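The structure under discussion appears below in the form of structure tokens.
In this text the structure is predicted, and so the values were computed from the model without any measurement. The figures that follow rest on heavy atoms only: side chains count, while hydrogens, waters and symmetry mates do not. Chain letters run A, B, ... following the sequence lines, proteins first and then strands; every chain starts at 1.
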Number of protein chains: 2
Amino acid sequence: MKQPLHRRQPTPGNPRVQRTRNRVLAVARELLPQVGPSGLTYALLAERADVTRQTLYRHWPTRAALLFDLVLEGPDLGTYPQPGNDVRDVATAWLKSLRAGVSVPAVRTAALAVTAQADHDPDSARALVRISEDRYTGFNQLLEPSGIQISEDEFTLLYGPVLARLFLDRGQVTDAFIDAVVTQWLTTLQHADTPRDFQ
Amino acid sequence: MKQPLHRRQPTPGNPRVQRTRNRVLAVARELLPQVGPSGLTYALLAERADVTRQTLYRHWPTRAALLFDLVLEGPDLGTYPQPGNDVRDVATAWLKSLRAGVSVPAVRTAALAVTAQADHDPDSARALVRISEDRYTGFNQLLEPSGIQISEDEFTLLYGPVLARLFLDRGQVTDAFIDAVVTQWLTTLQHADTPRDFQ
């Protein structure tokens, strides 16, 4: 559980294939903030990573799949939290990890590109929903020792203000802002009956 | 104050220029969801709106400026709330108006495009910050009768979950979800001292 953005299990496989995959992702991560999402063509990526375009298509049949992996497999920042008993501590550590993850330029660019393309590209839309689900499941795993599991609505209430501040306000997420988010979010959990979804 | 996304004052001017401007925006609003942001070229827009490209550049020197107007001047949905005494009522009505505004396909597409481009295009970044500021100012105007004015952080705590649900989870914002957002947000206002920013 060291991946910063809650990839639960990397696909296992042949070590040489894995090495190629990781190398291509590292090159893509470096290129993406420089050239932007539309500039990250398979032709450019193949040249810079010294692989064939066929190899790229074998690993990532669609650009959405590549962007998906760039979002979920950012560099290991060592910030992914441990499971814990205290909901406030887990939520605070998780939001700080999210902040660190989306501050990596390639992760940020890839996440925004997938989001913007999702309305016109079904692969991107599916990738985005899988990213949300992956994060949601990972967060509930961290909460397991506390005996609390949250609904998807409650999850959105937690992470929404942080990504809005970073992506829409284009502002800083301070520790004090994270504390304010977690404090108001805990009131929702305290008032909740079962089931806690608001549909 | 009938604009759904809180444009405070339309630029006044020559009525014929205004008519041209409104007609171009209406054509752009129709085209954008069909062709996507990269397909909405000035060449295509000039042809469909029957104006010259020079006219387009006079109104919108950058594409970011055009997308900005498409976000802030959606069609009048008649949902923009009235100022009021009751903070819960104002916040609830405002979030419903926001939901209606960003459900207009052209507004949604334009907002996502500006967001995704902002990291690589300073004009888009400025447009996005102006959109946030415009909404924030508009919301505080609605709150004036209540005697309460909120900070930018508090504003992000309010709108963040709604846009995250729509754009990132790609899910529905139900009335119950809005109620949950407002309920937890009010606890932040109740606990607040002055100043209420969390920097």
Side-chain angles (χ1 to χ4, degrees), chain A residues 33 35-39 105 108-109 111-121 125-126 128-129 131-133 136 152-165 167-181 183-189 191-192 196-199, chain B residues 33 35-39 105 108-109 111-121 125-126 128-129 131-133 136 152-165 167-181 183-189 191-192 196-199:
Chain A
V35 299
S38 58
R108 184 181 164 100
T109 305
L112 288 170
V114 171
T115 305
Q117 286 167 19
D119 273 7
H120 291 90
D121 171 21
R126 274 188 292 271
L128 196 54
V129 170
I131 291 168
S132 287
E133 288 171 356
Y136 168 60
E152 289 188 47
D153 282 356
E154 287 162 346
F155 183 61
T156 306
L157 291 171
L158 178 66
Y159 86 78
V162 171
L163 292 191
R165 168 53 53 98
F167 289 158
L168 300 174
D169 301 340
R170 300 183 63 77
Q172 296 298 313
V173 169
T174 61
D175 286 356
F177 184 76
I178 287 179
D179 286 344
V181 170
T183 298
Q184 78 165 25
W185 180 73
L186 287 171
T187 66
T188 296
L189 296 197
H191 294 141
R196 285 195 310 257
D197 233 324
F198 314 112
Q199 305 306 339
Chain B
V35 300
S38 58
R108 183 181 165 100
T109 305
L112 287 170
V114 171
T115 305
Q117 286 166 20
D119 273 8
H120 291 90
D121 171 22
R126 273 189 293 272
L128 196 55
V129 171
I131 290 168
S132 287
E133 287 171 356
Y136 167 60
E152 289 189 47
D153 282 355
E154 287 162 347
F155 182 61
T156 305
L157 291 171
L158 178 66
Y159 87 78
V162 171
L163 292 191
R165 169 52 52 97
F167 289 157
L168 300 174
D169 302 339
R170 300 184 63 76
Q172 297 297 312
V173 169
T174 61
D175 286 357
F177 184 76
I178 287 179
D179 286 345
V181 171
T183 298
Q184 79 165 25
W185 180 74
L186 288 172
T187 66
T188 296
L189 295 197
H191 294 142
R196 282 196 311 256
D197 234 321
F198 314 112
Q199 304 305 339

Quiz item: Among all residues two or more places apart in sequence or in another chain, which pass the ring pair (Phe, Tyr, Trp, His ring centres under 6.0 Å) test with A:F167?
Solution: none
Exercise. Working to the nearest 0.5 Å, report the span between CZ of B:R170 and CG of A:L128.
Key: 6.5 Å
Practice problem: Answer with side chain, backbone, both or neither: which region of B:L163 has an atom nearer than 4.5 Å to a non-hydrogen atom of chain A? | Solution: side chain
Quiz item: Are the side chain of A:H120 and the backbone of B:V35 linked by a donor-acceptor contact shorter than 3.5 Å?
Solution: no
Quiz item: Side chain, backbone, both or neither: which part of A:F155 has a non-hydrogen atom closer than 4.5 Å to chain B?
Solution: neither
Quiz prompt | Pairing residues for B:T156 by the side chain to side chain donor-acceptor pair (under 3.5 Å) criterion, not counting sequence neighbours | solution = A:R165, A:D169
Quiz item: Hey, are the side chains of B:L168 and A:T115 touching, using non-hydrogen atoms and a 4.5 Å cut-off?
Solution: yes
Quiz prompt | chain B contact via A:A118 - which portion, at a heavy-atom distance below 4.5 Å | solution = both
Practice problem: Check each atom of B:P105 against the heavy atoms of chain A and say whether the ones under 4.5 Å are side chain, backbone, both or neither. | Solution: neither
Quiz prompt | Contact class of B:A125 relative to chain A, heavy atoms under 4.5 angstrom | solution = both
Quiz item: What are the two closest non-hydrogen atoms of B:G160 and A:A164, and how far apart are they?
Solution: CA-CB, 3.6 Å
Exercise. Indicate the atoms forming the closest heavy-atom contact of B:A116 with A:L112, along with that distance.
Key: CB-O, 3.7 Å
